[in-house]
Amino acid sequence: MGGWAIAIQGAAGDIPIDLPDERRIPRLNALRYCLDLGVSALKSGKSPLDVTELVVRELENNPEFNAGKGSVLTTEGTVEMEASIMDGKTKRCGAVSGLTTVVNPISLARLVMEKTPHIYLAFDAAEAFARAHGVETVEPSHFITPYNIARLKQVKELNRVQLDHKEPQIYGDSQTGTVGCVAVDRAGNLASATSTGGHVNKMVGRIGDTPIIGAGTYANHLCAVSATGKGEMIIRGTVARDVAALMEFKGMSLAEAAACAVDRSGPRGTCGLVAVSASGEVAMPFNTTGMFRACATEDGFVEVAIWPKN
């Protein structure tokens, strides 16, 4: 096996090149911090499952990202968060949707994996499960930020549903959407975790790709994948599972499989993903304008970026 590796995504989308410093710099700093956190955890011997949960929790607690504290609002002005996590070695996984009070949805998803015979809990049942297991909860108002209230108001005025990562031009910004982390340790154990607030002005009850195993999140003995972008397209394309399937059945490398899965996901502007292989390779392809992303490998490679390198 190769060495450890980790990759993080903070959403792919129509991110303008002139993104203001006050919107760009805090997100890049947060990605660097989370990358350092994940690398330190891997070096200390923590499992990839622990590492991906740790990193995603940190992103959920940062209002700059559309997950947890920074979740965007539904058409009713409410928050409905979702998340999933998967262990590659065992293929055990957990997912949650429709959360309104849980501070860290990714940790609840892991509890579903570890404390129930099921994979997926949603809405009132997921909230009740959280309370029964002492998971930290707060009033729904905790997640509703002035920034997202303003975004919802503007989108309603435009009379359209807005993707989680696409900003009305008046703001000159692109709010980050889905957050995710994938990791592999020196023994080749893999894990993936993804969390989101969804789309601005989404219908109440809408579920995207993030909690769907095989769409937004997947891990097996070959790779771990976390996808971001247009959820309905990612679900139709089973994007995360496609990466693993192309490696397993077509013999593709991680880079080839990840690029192929993104290319096949739909037209330009559809999605991006971060992935790691059991041998410590990293891939971060996207067909959108940009993708907030970061990665590090044991051989010293580090990247923190938004737009294509060229």
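Throughout, numbering of the chain's residues begins at 1 and tracks the sequence. Note: hydrogens, waters and symmetry copies are ignored here, and every other heavy atom, side chains too, is used. Please read these numbers as outputs of a predicted model, since none were measured by experiment.
We find the CD1-OG1 distance between I212 and T217 to be 9.5 Å, quoted to the nearest 0.5 Å. Rounding to the nearest 0.5 angstrom, the gap separating the CZ atom in F292 from the CD1 atom in I306 is 4.0 Å. Here CZ of R264 is found 13.5 Å from CG of N287. Values are rounded to the nearest 0.5 Å.
With contacts defined as side-chain heavy-atom distances shorter than 4.5 Å, the pair F143/E80 does not qualify. Using a 4.5 Å heavy-atom cutoff, the side chains of I213 and M86 are in contact. Side-chain contact between H133 and L108 is absent, with no heavy-atom pair separated by less than 4.5 Å. Between Y218 and T238 the shortest side-chain heavy-atom distance does not fall below 4.5 Å. Residues M233 and P267 have side chains in contact (heavy-atom distance under 4.5 Å, counting atoms from C-beta outward). Between E60 and I106 the shortest side-chain heavy-atom distance falls below 4.5 Å. Between T196 and E82 the shortest side-chain heavy-atom distance falls below 4.5 Å.
Counting only residues at least two apart or on different chains, no side-chain hydrogen bond (donor to acceptor under 3.5 Å, both in side chains) pair has a member in residues 35-44.
Side-chain atoms of W307 come within 3.5 Å of backbone N or O of I15 as a donor-acceptor pair. The closest donor-acceptor contact from the side chain of N66 to the backbone of G197 lies under 3.5 Å. At least one donor-acceptor pair closer than 3.5 Å links the side chain of T228 to the backbone N or O of A12.
V182 shares a hydrophobic cluster with V184, L190, V274, V276, V282, M284, F286, M291; the chain of contacts runs through ILVMFWY side chains whose heavy atoms sit under 4.5 Å apart. Side-chain heavy-atom separations under 4.5 angstrom define the hydrophobic clusters, and the remaining members of the one that includes V262 are L222, V225, I234, V239, V243, M247, L254, L273. Alongside I25, the hydrophobic cluster contains no other residue (criterion: ILVMFWY side chains under 4.5 Å).
Using a cut-off of 4.0 Å between Lys/Arg side-chain N and Asp/Glu carboxylate O, R206 and E232 are scored as salt-bridged.
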| message | For a side-chain hydrogen bond (donor to acceptor under 3.5 Å, both in side chains) check, start with the C-alpha distance between T101 and T137, then their side-chain angles and the critical distance, and finish with the verdict. | response | CA-CA 5 Å; T101 71; T137 60; 4.6 Å; no

Exercise. Please lay out, stage by stage, how E76 and K202 fare under the test salt bridge (Lys or Arg N to Asp or Glu O under 4.0 Å).
Key: CA-CA 9 Å; E76 300 297 324; K202 66 181 181 180; over 6 Å; no

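For E58, the side chain to side chain donor-acceptor pair (under 3.5 Å) criterion is met by no residue, not counting sequence neighbours.
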Could you pull out all donor-acceptor pairs under 3.5 Å where a side-chain atom in residues 109-116 meets a protein atom, sequence neighbours excluded?
from	atom 1	to	atom 2	distance (Å)
R110	NE	E114	OE2	2.9
R110	NH1	D50	OD1	2.6
R110	NH1	E53	OE1	2.9
R110	NH2	D50	OD1	3.0
R110	NH2	E114	OE2	3.3
T116	OG1	V112	O	2.7
T116	OG1	H118	N	3.0
T116	OG1	H118	O	3.3

